[in-house]
Amino acid sequence: MAVSDIVLTAEGRQKLIDELEWREGDLTKQIVERIKTARDFGDLSENSEYDDAKEEQAKNAARIAEIQSILANAKDAETVDHTLTVSIGCTVDLVDGDGVAMTVTLVGTTETNSLEHKISNESPVGRAIIGHGEGETVEVVTPSGKSRVYTITKISR
């Protein structure tokens, strides 16, 4: 998925902004302090603390660049065309073929969280329900190849 294809809810965008502020501020300061302390241990060629701190610094810089790219290029879920169909940012009540109900929130790929029932628009269920309305039945083929049928009973924002 290209960065320009990422869609963020307002909550997801704010989480990324908060993470970026933390990484650019407090975490960067902590890493710089670790590097300074590790330098005091002597020979840098055999200094594992220094190597670890430099590696952490590189990972932090890469994540900062990734977040900045996402924030600069991602679309807001609110600006994507919405009608009475499932779209990113919607909470959807589903009932499977056995009558078991579940509620999921459809989010962009960077915001997924199974513990909060936030599923990606690229997941099998997310892909199947997007664009459908209340009362419609969709068939989902799971990664294992099994087929499941869900009925959309409610869509809310």
Side-chain angles (χ1 to χ4, degrees), residues 1-34 52-157:
M1 174 181 230
V3 174
S4 61
D5 294 339
I6 293 175
V7 180
L8 293 174
T9 61
E11 177 186 351
R13 181 173 290 279
Q14 188 57 51
K15 282 183 180 179
L16 285 174
I17 290 169
D18 293 344
E19 181 183 351
L20 182 62
E21 288 174 0
W22 172 72
R23 286 186 176 277
E24 290 179 329
D26 292 344
L27 184 59
T28 297
K29 289 176 187 172
Q30 291 172 10
I31 293 170
V32 168
E33 285 302 314
R34 282 186 56 206
D52 290 344
K54 291 299 279 185
E55 184 177 330
E56 186 177 354
Q57 184 180 42
K59 286 180 182 179
N60 188 46
R63 179 62 180 155
I64 287 171
E66 179 185 26
I67 293 170
Q68 288 172 335
S69 178
I70 290 169
L71 291 173
N73 297 303
K75 298 175 187 172
D76 289 329
E78 290 75 25
T79 61
V80 177
D81 183 35
H82 294 292
T83 57
L84 295 176
T85 59
V86 177
S87 59
I88 293 180
C90 289
T91 299
V92 183
D93 292 345
L94 301 168
V95 177
D96 70 9
D98 297 328
V100 178
M102 71 175 176
T103 301
V104 296
T105 301
L106 194 63
V107 296
T109 55
T110 61
E111 301 174 64
T112 60
N113 184 332
S114 61
L115 297 176
E116 296 175 3
H117 304 285
K118 292 182 177 181
I119 63 169
S120 166
N121 60 317
E122 293 185 2
S123 69
V125 173
R127 247 193 316 261
I129 65 175
I130 204 159
H132 290 278
E134 285 184 20
E136 290 188 45
T137 300
V138 296
E139 183 176 356
V140 177
V141 178
T142 64
S144 65
K146 293 182 181 178
S147 181
R148 301 195 72 173
V149 176
Y150 294 98
T151 302
I152 301 170
T153 58
K154 181 180 175 187
I155 302 170
S156 58
R157 208 160 222 314

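Contact check on Lys59 versus Glu55 returns a salt bridge, with a Lys/Arg side-chain nitrogen under 4.0 Å from an Asp/Glu carboxylate oxygen.
How far CD of Glu56 is from OG1 of Thr28: 9.5 Å, rounded to the nearest 0.5 Å. Residue Leu27 holds its CG atom at 7.5 Å from CD1 of Ile64, rounded to the nearest 0.5 Å. Between the CZ atom in Arg63 and the CG atom in Asn60 there is a gap of 10.0 Å [rounded to 0.5 Å]. The distance from atom OG1 of Thr109 to atom CD1 of Ile70, rounded to the nearest 0.5 Å, is 7.5 Å. Distance check, rounded to the nearest 0.5 Å: CD of Gln57 to CZ of Arg34 gives 10.5 Å.
Within the structure, salt bridge (Lys or Arg N to Asp or Glu O under 4.0 Å) contacts touching residues 123-149 (residues at least two apart or in different chains) are Asp96-Arg148. Among residue pairs with one or both ends in residues 85-95, none qualify as salt bridge (Lys or Arg N to Asp or Glu O under 4.0 Å); sequence neighbours excluded.
In this structure Ile130 satisfies the side chain to side chain contact (heavy atoms under 4.5 Å, CB included) test together with Ile88, Leu106, Asn121, sequence neighbours excluded.
Between Asp18 and Glu21 the shortest side-chain heavy-atom distance falls below 4.5 Å. Here the side chains of Val107 and Asn113 are not in contact, with every heavy-atom distance at 4.5 Å or above. Side-chain contact check for Leu8 versus Lys15: every heavy-atom pair is 4.5 Å or farther apart. Using a 4.5 Å heavy-atom cutoff, the side chains of Thr91 and His117 are not in contact. The shortest side-chain heavy-atom distance between Leu94 and Ile152 falls under the 4.5 Å cut-off.
Heavy atoms only, all atoms of each residue included: Ile155 and Cys90 are closest at CG2-SG, 3.9 Å. Nearest approach of Ile31 to Ala53, heavy atoms of both residues: CG2-O, 3.6 Å.
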Are Arg23 and Glu66 close enough, and set up right, to give a salt bridge (charged side-chain N to carboxylate O under 4.0 Å, His left out), and what steps lead you there? CA-CA 12 Å; Arg23 286 186 176 277; Glu66 179 185 26; over 6 Å; no
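Here the side chain of Arg13 pairs a donor or acceptor atom with the backbone of Ala74 at under 3.5 angstrom. In this structure, Thr103 contributes its side chain and Val92 its backbone to no donor-acceptor pair below 3.5 Å.
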